[in-house]
There are 4 protein chains.
Amino acid sequence: MYFSSDNASPAADEIMSAVLEQNTGHAKSYGADEPMQQVREYIRELFEAPAAEVFLVLSGTAANALSLACLCPPWSAVYCHELAHAEQDECGAPEFYTGGCKLVLVGGAHGKIDPEELRQKISNTGVLGVHNVQRGAITLTNVTETGTCYTPAEVAGLMDIAKSFGLRCHMDGARFANALAHLGCTPAELSWRSGIDVLSLGGAKNGLLGVEAVILFDPSLSWEFELRRKRGGHLASKHRYLSAQMKRYLEGGLWLDLASRANIRADQLARGLDALFPDPLLHPVQANMVFASLTRDRHRRALECGAEYYLWPHTQSLDGDPDELVSARLVCSWSTSEEEIVRFLDTVS
Amino acid sequence: MYFSSDNASPAADEIMSAVLEQNTGHAKSYGADEPMQQVREYIRELFEAPAAEVFLVLSGTAANALSLACLCPPWSAVYCHELAHAEQDECGAPEFYTGGCKLVLVGGAHGKIDPEELRQKISNTGVLGVHNVQRGAITLTNVTETGTCYTPAEVAGLMDIAKSFGLRCHMDGARFANALAHLGCTPAELSWRSGIDVLSLGGAKNGLLGVEAVILFDPSLSWEFELRRKRGGHLASKHRYLSAQMKRYLEGGLWLDLASRANIRADQLARGLDALFPDPLLHPVQANMVFASLTRDRHRRALECGAEYYLWPHTQSLDGDPDELVSARLVCSWSTSEEEIVRFLDTVS
Amino acid sequence: MYFSSDNASPAADEIMSAVLEQNTGHAKSYGADEPMQQVREYIRELFEAPAAEVFLVLSGTAANALSLACLCPPWSAVYCHELAHAEQDECGAPEFYTGGCKLVLVGGAHGKIDPEELRQKISNTGVLGVHNVQRGAITLTNVTETGTCYTPAEVAGLMDIAKSFGLRCHMDGARFANALAHLGCTPAELSWRSGIDVLSLGGAKNGLLGVEAVILFDPSLSWEFELRRKRGGHLASKHRYLSAQMKRYLEGGLWLDLASRANIRADQLARGLDALFPDPLLHPVQANMVFASLTRDRHRRALECGAEYYLWPHTQSLDGDPDELVSARLVCSWSTSEEEIVRFLDTVS
Amino acid sequence: MYFSSDNASPAADEIMSAVLEQNTGHAKSYGADEPMQQVREYIRELFEAPAAEVFLVLSGTAANALSLACLCPPWSAVYCHELAHAEQDECGAPEFYTGGCKLVLVGGAHGKIDPEELRQKISNTGVLGVHNVQRGAITLTNVTETGTCYTPAEVAGLMDIAKSFGLRCHMDGARFANALAHLGCTPAELSWRSGIDVLSLGGAKNGLLGVEAVILFDPSLSWEFELRRKRGGHLASKHRYLSAQMKRYLEGGLWLDLASRANIRADQLARGLDALFPDPLLHPVQANMVFASLTRDRHRRALECGAEYYLWPHTQSLDGDPDELVSARLVCSWSTSEEEIVRFLDTVS
């Protein structure tokens, strides 16, 4: 009953095998390895983007911060949802890599940026000219931090606003495969066709040992990205071990299979809770994360029986009225079993 | 006949197995995994440093730059050899992570910092007070970039100079195991007992998939290091795959075994060249790198027969008088075979 | 009828004379001049802070950003009011000088930080440890951006909250003299006795040609401040011309006299408007700024008759219903004449 | 007998009067003042550069560092003479403003960059691609730090090398007027006609209270420069007091008159020393600085009689053999009198 995070799950066997297979003889270092060629080709094909450039890095934080640094100068406003990983969970990496940009927070229900508030905040930026930070870039997360998915139309709506002000657009796709699996659209539809210039395509949360791809739909950003990656210490020398993971991930639709498994488990969990309690879900469950309210008593029982997950937001506590509702985040991964779901529902029911 | 770089070699089988073994069930993320506990214990024991703190990162550039950033403020002079990796091969990562320090280059034969020049350069720093950058830190590389090793006494000599000016000291130990294997001293003797405050302990060049440890002999730097690592995007989420490598590396002396294998091959290669040609070696061969001069003609023959290595420095070329001597760098790794050495010597003889 | 900004006013005659007097013969450069000695003594005496260190810079933005950079590391949250100059009007200077801190915005009526919201926001910072930016420093502005003044008790209340979390405290006192003139308290009461560690003491808006003092009540920050000032290009070579201004400013209470003149004019203006219209004032008028709502028609008339001032916020416009109320900011300076006030009131009445 | 530095001299009376004249009524702040319009026109005319953009800042360090930041990205090599002010005397300001560039030091006699060494160092930069910092910009100082002047042909020779590698070029003209006065060429010949893209045009060392102009011959850099200036805290609010100085400086050739006065005094001093001693001069005296060797005994006598100047380099000392020669820097300014020169020569003879 492990629901703390999808990054605590193991790597998929297929991925492990692919890494092992790469472990023969010498290979060119720093990204000149053969499997990286294939990663590039796969992504260009899967995303219908023959000119796209692809780079691998070792963390989502690096993927996001390096991307933003290529999209806007240091005196920029970067618009993001107030719950965004880039704002909340990266210890200021975007500020560090951009050389001191300002994250401008936008609200919106269920982790999605509110279009009108976005328009307003962009519009209000830089009205005093040189005295203000300038309109820079936008970053949105899909799957969002509350487990919902922007549709291609929703992405396009926000990107249209951003583009109307000349902004460039980044998507934090740490769980991009989960969004695709839910929406059933194509990778192109959910990225560059909707206006995304740079995509962080996650792997670690979905069955890899730890690799993320950055896809530059505008290849003119490539050289700058490469230099920033190296300068940030994110150019792996024995790069083949990264490529091997990403290559296998994209082969035969494995990335979507793994994501579907996680999504299905979250759906089972959500339906189960919904059947047991009145209105327990805080957000629509559209990917692999369930945000639900249970009484402190039920939480305590679950945790005592070995369930692992976080109260959400973290500022809540199990101390207090046992009948009061307290919210929690339950994350499923590709390796979550049906049995775990059933057992958890049993425990809290 | 692959001598381009030790980072093109595969991972050792023992390391691969250790990674595979870790791939079961969930594990705490971000460094709270169990094997990391053991890494910490191993290092404290091997280095006789019970208070040392240990962190893993994914590249040597990150290890060096994060370390230097913890040792000195942005307005610092960082003293290093003019051939140092930090100066030559990191695209300015030390400048980036420190917030704009100035690398002050010191010469010295065979890649080793000349003590008198060091003393002079430190002494000349900051004499105009606030108008100058201030004395910051020193970094030295062992094994050096020319394949020689500082002895503990040599390290201590330089560190004494540095300490007399109040500087803190970093060692770039990308090939630290090779230095230990050559010198036969203890890890403590070559690090903190000689005055080193922070050590980048390499793994990628010596049989790992790609992990480096940073050892803080002064544990008061820990929290700052952790924040800088996270902010730089170098805190791996599925950290157990890093820990697994480093743990196995240090178990049963594997790190020294692998390094010895590489050193032995380099020694064979050096002896072979020395027997064939008059004075071919540019630097004493004390680890796994051989710098040798051969005629253009012999280089051409070797490369045509499939040998891979770099002319060194890179500004040299195979175009020109075929009988002229041109220097090259030949790097052996743990996986270099005796047969490769024999074949190479045959080819160039 | 010039009410656009107090930084458009001329320098006071006394200040000009003091600059002229300094213009004889050679003087030590870079702050070693004699009048700077006196500035230091005056400030220590006026602020009853014999250990305080004082530095001069040429802009309020530099004063604020350099101060914050000395108070917290790059991975910090800096708490400020959402209207703060540091947030709104400095083009990201605090982010630049700190190396990428994050400004955390706190609301509150009339430009004053709400204590409970402050406590909440500090409390919520860093709860996920290394994944978050850390609690850094607080900066508050007195006179606030809406023309109100924090009392010493109000400052102390906020500083107590900040100190209970270990934060250090900065005050942006671009109009500190105006606050003193309104409150009638001592400089010490409004600064270090209320918990302020570093004060930006403004001069340019109150009769100088352009000098601000930074007062470090904690002298241990001095050397770092000096290095940051030099590195930022803010150490003036012919420093005596700065010292001369600040010295004369503080002599015989000139700073308070000039501030009082400005405050009195604002008070006259406010009373006048209050007599003419129902509830025209948006904020209590406690210093030299009046925020008032007038009909578009009256604004148009005033501007046509030569009045100069800004609609506030800037996003408002004179286009639209002539009877609709639109708000504006009217700033008085030491040089504003009673006649200007009378004429303005006449014009809009 | 004040020869320590030209920045210890007073402001010229004409400049003071011009500042006083500006002190009437309100004036637009932040560079929108009227005299700034005239500064712009004067410079465009004097430099025969109708499209040039001009900005004022308050220190030479700011002028240089902001200029370099606009000319190259953070991962750049900036080539400069090893004695350059940017390298020696700015506490790392170029590194700070550029976000961590690397100053690559080039030697050369009499403070002038050696063309062949420059070509070599540029040529050797970036040969390992992404692993290295990249070729960025060049900065040269005219008048040099040793008091010599590059001729337009010499500047053009260096700039041709730089341009052949695609570099952009900055000139630190802290004493540009002194160079013009010596060379008798036009401002255009010594700047953009010789390949300079950005010029720091000094004022503080030559009779102003403290203003430097930055001239962008490529106006496409303007907006970035403006943002960097504001973000660095170098946009003066009461800007008219800067403009007034620079406007008067350029009117009627005052800048060249003042510089000539300083040059003439240095020439007198040099000739006098040359007549007294065998070969006392270390560098050709081409502007307002004299570098000369005298015995310790003579130095001691001079200093005892009230002369003020620095031994140069600073690491020298008056302690030691009284008959040994020790070198010193003697700087004349517009305000140095003939009597001072005569008296000094008397004293040391």
Side-chain angles (χ1 to χ4, degrees), chain A residues 4-5 7 59-61 65 68-69 72-78 80 82-105 107 119-136 145 310-317 329, chain C residues 4-5 7 59-61 65 68-69 72-78 80 82-105 107 119-136 145 310-317 329:
Chain A
S4 292
S5 175
N7 65 28
S59 75
T61 294
L68 289 172
C72 58
W75 44 83
S76 296
V78 170
C80 66
E82 59 195 7
L83 296 176
H85 196 268
E87 163 67 12
Q88 294 276 348
D89 302 294
E90 302 188 349
C91 194
E95 287 90 343
F96 175 50
Y97 275 94
T98 59
C101 74
K102 188 184 283 292
L103 270 62
V104 173
L105 309 183
R119 188 194 305 278
Q120 199 62 44
K121 293 225 161 140
I122 302 177
S123 177
N124 285 349
T125 305
V127 292
L128 290 179
V130 80
H131 298 278
N132 305 144
V133 295
Q134 305 293 306
R135 294 161 187 160
E145 279 75 12
Y310 291 110
L311 299 188
W312 206 268
H314 295 274
T315 41
Q316 294 179 113
S317 156
R329 188 188 75 164
Chain C
S4 292
S5 175
N7 64 28
S59 75
T61 294
L68 289 172
C72 58
W75 45 83
S76 296
V78 171
C80 65
E82 58 195 8
L83 296 176
H85 196 269
E87 163 67 12
Q88 295 275 349
D89 301 296
E90 302 188 350
C91 194
E95 287 90 343
F96 175 51
Y97 275 94
T98 58
C101 74
K102 189 185 284 292
L103 269 63
V104 174
L105 309 183
R119 188 193 303 279
Q120 199 63 45
K121 293 224 161 141
I122 302 177
S123 176
N124 285 349
T125 304
V127 292
L128 291 178
V130 80
H131 299 277
N132 306 143
V133 296
Q134 305 294 306
R135 294 163 188 159
E145 280 76 10
Y310 291 110
L311 299 188
W312 208 269
H314 295 273
T315 42
Q316 294 179 113
S317 156
R329 188 188 74 164

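Protein chains get the first letters and strands the later ones, always in sequence-line order, with residue 1 at the start of each.
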*Can you tell which part of C:Glu87 gets under 4.5 Å to a heavy atom of chain A, answering side chain, backbone, both or neither?*
both
*Considering only heavy atoms, which portion of C:Leu105 lies under 4.5 Å from any heavy atom of chain A: side chain, backbone, both, or neither?*
neither
*Of all heavy-atom pairs between C:Asn132 and A:Gln88, which one has the smallest distance, and what is that distance?*
ND2-O, 2.7 Å
*Show the numbers, then the answer: is there a side chain to side chain contact (heavy atoms under 4.5 Å, CB included) between C:Lys102 and A:Glu95?*
CA-CA 8 Å; C:Lys102 189 185 284 292; A:Glu95 287 90 343; 2.7 Å; yes
*List in chain and number order the residues that pass side-chain contact (heavy atoms from CB on, under 4.5 Å) with A:Val130, two or more places apart in sequence or in another chain; answer none if no residue qualifies.*
D:Trp223, D:Glu226, D:Leu227, D:Lys230, D:Leu235
*Name the member of C:Gly100, C:Ala77, C:Cys91 that forms the most heavy-atom pairs with chain A at distances under 4.5 Å.*
C:Cys91
*Under a 4.5 Å heavy-atom cutoff, which of C:Gln134, C:His314, C:His131 has the most pairs with chain A?*
C:His131
